[in-house]
Amino acid sequence: MFGYITIDKMELKFKEYYRYRGYYCGLCKTLKRNYGEISRFTLNYDMTFLVLLLTSLYEPVSTIGNERCYVHPTKKQMIISNEIMDYVAAINVILAYHKLMDDWKDEKSIKSLSGMGLLKRQYNKAKSDYEVLDQLIQSRLEELHKLEKKEEDNIDLVSNIFASIMSKIFVYKEDIWQPYLEKIGFAFGKLVYLLDAVDDLEEDQKKERYNPLKYNNHISKDELYDLLLFELSIVDEEMDKLPLIMDKSIIDNIFYSGIMKRINACLKREQMAVNEEELNDYVESKTLI
């Protein structure tokens, strides 16, 4: 369910792209350092965005270096590291483990069961540091699993549960920024859940797997598009309240271009990007479902 919140590479300057890669590789290195080699396979773009957002907001002391790895053995890559990556790496492992567990429950996938076994020790270490958050994630996913078993057709109900998980994950610390980060995380959570449902609909129908859109075939692609842009507009409104300066151009690229490309691709629409004014004008002009 992850991997939708990424850059539009062609619209980034070279230095911006390499900084983004620096965050991505830095998170990868943090996973290896804290949880071992196997944990690196859980890395995803959505968590890299979270690193970017929280780093831009809190501006922790970061170290920048150049290192090789097994993916890039011949050429050193920029590595950006800071304390926020320790938090995001732990959350990355916790989410990956619960995703494997969910797949095992739904499909009895031997691959997922094997993955859980490989990641069990790393998961136990991560949850020991964030036990309350892990319990919340587990509880909410159990709620979601029950609704899926009932073949719940209320899209808001199921997407809100996943969104509530993301709203807590986006909160790095309890401070004045917490309410804004919760709203951003909630909207992103709904966006990711809905995008995943749209993206997987055809395959889910073939394999007779749960997908809320299977029971809502009266909703058109245009209505889904409006709903996704509505969630983006909430993120846009809340991010404007944060003092984001560092790497803001990369965050804007992800938000206004990268995510838009994923939305357009999933809905098979003409490729487009939006800026802040266009997004707000579009949402205000629509009657949303």
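Being a predicted model, the structure only gives us computed values, none of them experimental. Throughout, numbering of the chain's residues begins at 1 and tracks the sequence.
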Next item on the list: Test side chain to side chain contact (heavy atoms under 4.5 Å, CB included) on Ile94 and Gln138 and set out the steps.
Entry: CA-CA 9 Å; Ile94 290 170; Gln138 189 169 341; over 6 Å; no
Checklist line | Tyr35 and Asn92: CA distance, side-chain angles, deciding distance, side-chain hydrogen bond (donor to acceptor under 3.5 Å, both in side chains) verdict | finding: CA-CA 11 Å; Tyr35 303 103; Asn92 202 97; over 6 Å; no
Notebook entry, point to check: Would Glu182 and Gln178 count as a side chain to side chain contact (heavy atoms under 4.5 Å, CB included) if you check the C-alpha gap in whole Å, the side-chain angles of each, and the deciding distance to 0.1 Å?
Noted result: CA-CA 6 Å; Glu182 284 182 341; Gln178 180 177 349; 3.1 Å; yes
Margin query: Under the criterion side chain to side chain contact (heavy atoms under 4.5 Å, CB included), I'd like the reasoning laid out for Asp102 against His145: C-alpha separation, chi angles, the key distance, then a yes or no.
Written below: CA-CA 8 Å; Asp102 192 53; His145 185 72; 3.7 Å; yes
Check: Checking side chain to side chain contact (heavy atoms under 4.5 Å, CB included) for the pair Met78/Arg21: CA distance, chi angles, key distance, verdict?
Finding: CA-CA 7 Å; Met78 179 190 291; Arg21 291 292 306 180; over 6 Å; no
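The shortest side-chain heavy-atom distance between Leu118 and Phe41 does not fall under the 4.5 Å cut-off. Between Tyr225 and Asn264 there is a side-chain heavy-atom pair separated by less than 4.5 Å. Side-chain contact between Tyr210 and Glu152 is present, with heavy atoms from C-beta onward closer than 4.5 Å. Looking at Val192 and Met166, their side chains never come closer than 4.5 Å, going by heavy atoms from C-beta outward. You'll find the side chain of Leu100 stays beyond 4.5 Å of the side chain of Tyr123, heavy atoms only. The shortest side-chain heavy-atom distance between Asn160 and Tyr193 does not fall under the 4.5 Å cut-off. Looking only at side-chain heavy atoms (C-beta outward), Val61 and Glu83 stay at 4.5 Å or farther from each other. With contacts defined as side-chain heavy-atom distances shorter than 4.5 Å, the pair Ile137/Ile169 qualifies.
With values rounded to the nearest 0.5 angstrom, Glu231 atom CD is found 7.5 Å from Ser159 atom OG. Note: Thr30 OG1 to Ile84 CD1 = 11.5 Å, rounded to the nearest 0.5 Å. Annotation: the span from Leu181 atom CG to Phe186 atom CZ amounts to 15.0 Å, rounded to 0.5 Å. Here the CG-CZ distance, from Asp200 to Arg209, works out to 6.5 Å after rounding to the nearest 0.5 Å.
Remark: side-chain polar atoms of Asn253 are paired, donor with acceptor, to backbone N or O of Asp8 under 3.5 angstrom. Between the Tyr172 side chain and the Thr55 main chain, no donor and acceptor come within less than 3.5 Å of each other. The backbone N or O of Leu53 sits nowhere less than 3.5 Å from a side-chain atom of Ser56 that would complete a donor-acceptor pair. Listed for the Asp46 side chain is a donor-acceptor partner under 3.5 Å among the backbone atoms of Ile5. Looking only at distances, no side-chain donor or acceptor of Asp199 sits under 3.5 Å from a matching main-chain atom of Cys266. Within the 3.5 Å criterion, the main-chain N or O of Leu136 finds no donor-acceptor partner in the side chain of Ser139.
Proximity of the aromatic rings of Tyr24 and Tyr45 is defined here by a centroid distance below 6.0 angstrom, and this criterion is met.
Scanning all heavy atoms of the two residues, the minimum distance from Ile176 to Pro179 falls at O-CD, 3.5 Å. Ile250 approaches Arg19 most closely through the heavy-atom pair CD1-CB, 4.0 Å. Here the closest non-hydrogen pair linking Ile155 and Pro212 is CG1-CB, 4.1 Å. The two residues Arg140 and Ile161 come nearest to each other via the heavy atoms O-CG2, 3.2 Å.
Tyr18 OH: 12 or fewer foreign heavy atoms inside a 6.0 Å radius. Other residues, nucleotides and ligands contribute only 12 or fewer heavy atoms inside 6.0 Å of the NZ atom of Lys9. Heavy atoms of other residues, nucleotides or ligands lying less than 6.0 angstrom from NZ of Lys32 number 12 at most.
Between the side chains of Tyr58 and Asn82, no donor-acceptor pair is found at a separation under 3.5 Å. Asp86 and Asn34 form a side-chain donor-acceptor contact under 3.5 Å, judged by distance and modelled atom types alone. For the residue pair Asp247 / Tyr20, no side-chain donor-acceptor distance below 3.5 Å is found, with atom types taken as modelled. Asp134 and Tyr97 are not linked by any side-chain donor-acceptor pair at a separation below 3.5 angstrom, with hydrogens and angles left out of the test. Residues Glu11 and Ser257 have side chains that never bring a donor and an acceptor to within less than 3.5 angstrom of each other.
Relative ring orientation between Phe170 and Phe49 is described as tilted, the plane-to-plane angle lying within the 30° to 60° band.
Under the 4.0 Å criterion applied to side-chain N and carboxylate O atoms, Glu67 and Lys76 are not assigned as salt-bridge partners. Between Lys146 and Glu142, none of the side-chain N atoms (NZ, or NE/NH1/NH2) sits under 4.0 Å from a carboxylate O, so this pair counts as no salt bridge. Look at Glu203 and Lys206 and you find no salt bridge, because none of the NZ, NE, NH1 or NH2 atoms lies under 4.0 Å from a carboxylate O.
Each of Asp153, Leu194, Leu224 was scored for a side-chain contact (heavy atoms from CB on, under 4.5 Å) with Leu213, with one residue passing: Leu224.
Residues forming a side-chain hydrogen bond (donor to acceptor under 3.5 Å, both in side chains) with Lys173 (at least two apart in sequence, or on another chain): none. Residues that satisfy the ring pair (Phe, Tyr, Trp, His ring centres under 6.0 Å) test with Tyr23, not counting sequence neighbours, are absent from this structure.
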